[in-house]
Amino acid sequence: MRRLLIALSQNPTVKDVAVGFPPARRVVDRFVPGESIEDAVGAVRQLAASGIRATIDHLGEYADDRTKVETQVDTYLALLERLGEEHLTDAAEVSIKASALGQGIDDDLALTNARRIASAAREVGTTMTIDAEDHTRTDATLALLAAVRQEYPDTGGVLQAMLHRTPDDCRALATAGSRIRLCKGAYDEPPSVAHRSPTAISDAFLTCLRILLKGDGYPMIATHDPRLIAAAQAYLDLLDRPKGTYEFQMLYGIRPDEQRRLAASGHTVRVYVPFGDDWYAYFMRRLAEKPANLALLGRALLSRT
Ligand SMILES: Cc1cc2nc3c(=O)[nH]c(=O)nc-3n(C[C@H](O)[C@H](O)[C@H](O)COP(=O)(O)OP(=O)(O)OC[C@H]3O[C@@H](n4cnc5c(N)ncnc54)[C@H](O)[C@@H]3O)c2cc1C
């Protein structure tokens, strides 16, 4: 089921049907606070009231023309300006996808655009993180991260524990000042490059987590998995790692009680807040992670009749 849903996330015909289907939108609302910058800013304010920070993603990926890329960049610039005006830059940064900024059309275009956004983020007093996409883009995305960091060293990167290469990437990136988000990985990857069973992926997450926590960087522990969160807490205690030298991250709408519990215990917690109308692929990956979410969709359909 997981693989089918991830495959459907890249199917344009199913996308057209789903996007034009009002009951789907109601379920999407649980994971995406809205389409506008104001919707994202509203979500940041609500999280901030519970002591939780945000990283905001303008939905959209795999842009195949320069107009779409420019729209993405303009939206991020407007968002950052708005966060500055609202004095929310302590509470929120932005997350970007290289494929939305022109990677795939022209790597130099993606670099120029990533620098424009990193510069705007710095100007208002916040940071940017570059998301991880499917494994065919990992080399290019890490090269982009390295290039952006020459001028903006606080730019965050993302590593996916499911990939066989990731322990080596963790070692290379666990350096002073290096902000690295560790997640399991949301894409359906072949066995030649990735662990596929849930147990192997969790074990790999723990291996990578240990490397990052023992290193000098700033690990961003991105999981909702109770076992991994408990293991991370135990390991943080063992290493006597001070609060503020790492953070927990979760997705908007998923385990909000746990987000508040961790924040109330003094951990830095950051929630990934996606916004925009191009929600389809993001939403399908969330369904794939928890096929029980399909029941929400089913209930929305029934309540329509
Ligand atoms: C802040 C953040 C940023 C991320 N950035 C990236 C990225 O750049 N690239 C990338 O490939 N992946 C990214 N991911 C996604 C990640 O790779 C996983 O696909 C996702 O987090 C699910 O894995 P999990 O560790 O939560 O464990 P899981 O085993 O999937 O989930 C553990 C438990 O969490 C809850 N849960 C998890 N997902 C859902 C859901 N969709 N709906 C309802 N409950 C759920 C359930 O209770 C589940 O039992 C990110 C995740 C987070 C939290």
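Counting starts at 1 for both ligands and their atoms, following the listed order. None of the values given here were measured: they were computed from a predicted structure.
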**Student:** Give yes or no for whether the N/O distance cutoff of 3.5 Å, strictly under, is met between Gln249 and ligand 1.
**Tutor:** no
**Student:** If we ignore hydrogens and angles and just use 3.5 Å, is the side chain of Gln103 paired with the main-chain N or O of Tyr62 as donor and acceptor?
**Tutor:** no
**Student:** Quick one: look up the protein heavy atom nearest atom 28 (P) of ligand 1 and list residue, atom name and how far away it is.
**Tutor:** Lys184 NZ, 3.5 Å
**Student:** I'd like to know if Arg82 pairs up with Glu38 as an ion pair, taking the criterion as any Lys NZ or Arg NE/NH1/NH2 lying under 4.0 Å from an Asp or Glu carboxylate oxygen.
**Tutor:** yes
**Student:** Using a strict 4.0 Å threshold on nitrogen-to-oxygen distance, state whether Arg137 and Asp131 make a salt bridge.
**Tutor:** no
**Student:** What I want to know is whether Thr223 and ligand 1 share at least one N or O pair that is separated by under 3.5 angstrom.
**Tutor:** yes
**Student:** Would you compute the distance between atom CG of Leu251 and atom CG of Asp57 and round it to the nearest 0.5 angstrom?
**Tutor:** 10.0 Å
**Student:** Parallel, tilted or perpendicular: which one describes the rings of His58 and Phe275, with boundaries at 30° and 60°?
**Tutor:** tilted
**Student:** Please write down residue, atom name and distance for the protein heavy atom closest to atom 26 (O) of ligand 1.
**Tutor:** His224 ND1, 2.7 Å
**Student:** Please list the nearest protein heavy atom to atom 9 (N) of ligand 1 with its residue and the distance rounded to 0.1 Å.
**Tutor:** Ala132 O, 2.8 Å
**Student:** Quick one: closest heavy-atom pair of Leu77 and Ala120, and the distance?
**Tutor:** CD2-CB, 3.6 Å
**Student:** Output all residues satisfying salt bridge (charged side-chain N to carboxylate O under 4.0 Å, His left out) with Glu93, sequence neighbours left out; order by chain, then residue number.
**Tutor:** Arg179
**Student:** Does Glu133, backbone or side chain, put an N or O under 3.5 Å from an N or O of ligand 1?
**Tutor:** no
**Student:** Taking His164 for the side chain and Pro191 for the main chain, is one N or O donor matched with an acceptor at less than 3.5 Å?
**Tutor:** yes
**Student:** Just to confirm my output: which protein heavy-atom neighbour is closest to atom 2 (C) of ligand 1, and how far is it?
**Tutor:** Leu251 CD2, 3.5 Å
**Student:** In ligand 1, which numbered atoms sit nearer than 4.0 Å to a non-hydrogen atom of Gly185?
**Tutor:** 11 (O), 16 (C), 17 (O), 19 (O)
**Student:** Is there at least one pair of N or O atoms, one from Arg181 and one from ligand 1, spaced under 3.5 Å apart?
**Tutor:** yes
**Student:** Using a 3.5 Å distance criterion without hydrogens, assess whether the side chain of Asp188 forms a donor-acceptor pair with backbone atoms of Ile6.
**Tutor:** no
**Student:** Should you measure from each heavy atom of Asp131, which atoms of ligand 1 turn up under 4.0 Å away?
**Tutor:** 8 (O)
**Student:** How many angstroms lie between atom CD1 of Ile221 and atom CG of Leu212, to the nearest 0.5 angstrom?
**Tutor:** 8.5 Å
**Student:** Any protein heavy atom at under 4.0 Å, with atom 48 (C) of ligand 1 as the reference point?
**Tutor:** no
**Student:** Side chain, backbone, both or neither: which part of Met250 comes within less than 4.0 Å of ligand 1 when only heavy atoms are counted?
**Tutor:** backbone
**Student:** For atom 32 (C) of ligand 1, what's the nearest protein heavy-atom neighbour? Residue, atom name and distance, please.
**Tutor:** Asp225 CA, 3.6 Å
**Student:** Can you list the ligand 1 atoms lying under 4.0 Å from a non-hydrogen atom of Tyr187?
**Tutor:** 11 (O)
**Student:** Show me which atoms of ligand 1 lie under 4.0 Å from any heavy atom of Tyr272.
**Tutor:** 1 (C), 3 (C)
**Student:** Heavy-atom pairs closer than 4.0 Å: do any link ligand 1 to the side chain of Arg285, the backbone, both, or neither?
**Tutor:** neither
**Student:** Relative to ligand 1, is Ile254 under 4.0 angstrom through side chain, backbone, both or neither, heavy atoms considered?
**Tutor:** side chain
**Student:** Please report the C-alpha distance between Arg285 and Glu61 in whole Å, then the side-chain angles of each, then the deciding distance to 0.1 Å, and finally whether the salt bridge (charged side-chain N to carboxylate O under 4.0 Å, His left out) criterion is met.
**Tutor:** CA-CA 13 Å; Arg285 289 197 291 274; Glu61 47 202 82; 2.9 Å; yes
**Student:** Considering only the protein, which heavy-atom contact is closest to atom 20 (C) of ligand 1, and what is its distance?
**Tutor:** Glu289 OE2, 3.4 Å
**Student:** Got the closest protein heavy atom to atom 44 (N) of ligand 1, with its distance?
**Tutor:** Lys290 CD, 3.3 Å
**Student:** Tell me which part of Asn293 gets within contact of ligand 1: side chain, backbone, both or neither, using heavy atoms under 4.0 Å.
**Tutor:** side chain
**Student:** May I ask you to decide if Leu236's main-chain N or O and Arg241's side chain share a donor-acceptor pair within less than 3.5 Å?
**Tutor:** no
**Student:** What are the atoms of ligand 1, with element, lying closer than 4.0 Å to any heavy atom of Arg286?
**Tutor:** 15 (C), 40 (C), 41 (N)
**Student:** List for me each residue that meets salt bridge (charged side-chain N to carboxylate O under 4.0 Å, His left out) alongside Arg66, sequence neighbours excluded, and say none if there are none.
**Tutor:** Asp106
**Student:** Kindly compute the distance separating CZ (Arg45) from CD (Glu86), expressed to the nearest 0.5 Å.
**Tutor:** 4.5 Å
**Student:** Does any N/O atom on Pro226 come nearer than 3.5 Å to any N/O atom on ligand 1?
**Tutor:** no
**Student:** What protein heavy atom lies closest to atom 6 (C) of ligand 1? Include the residue and the distance to one decimal.
**Tutor:** Cys183 SG, 3.8 Å
**Student:** Look only at interatomic distance and state if Ala186 has a nitrogen or oxygen under 3.5 Å from any nitrogen or oxygen of ligand 1.
**Tutor:** yes
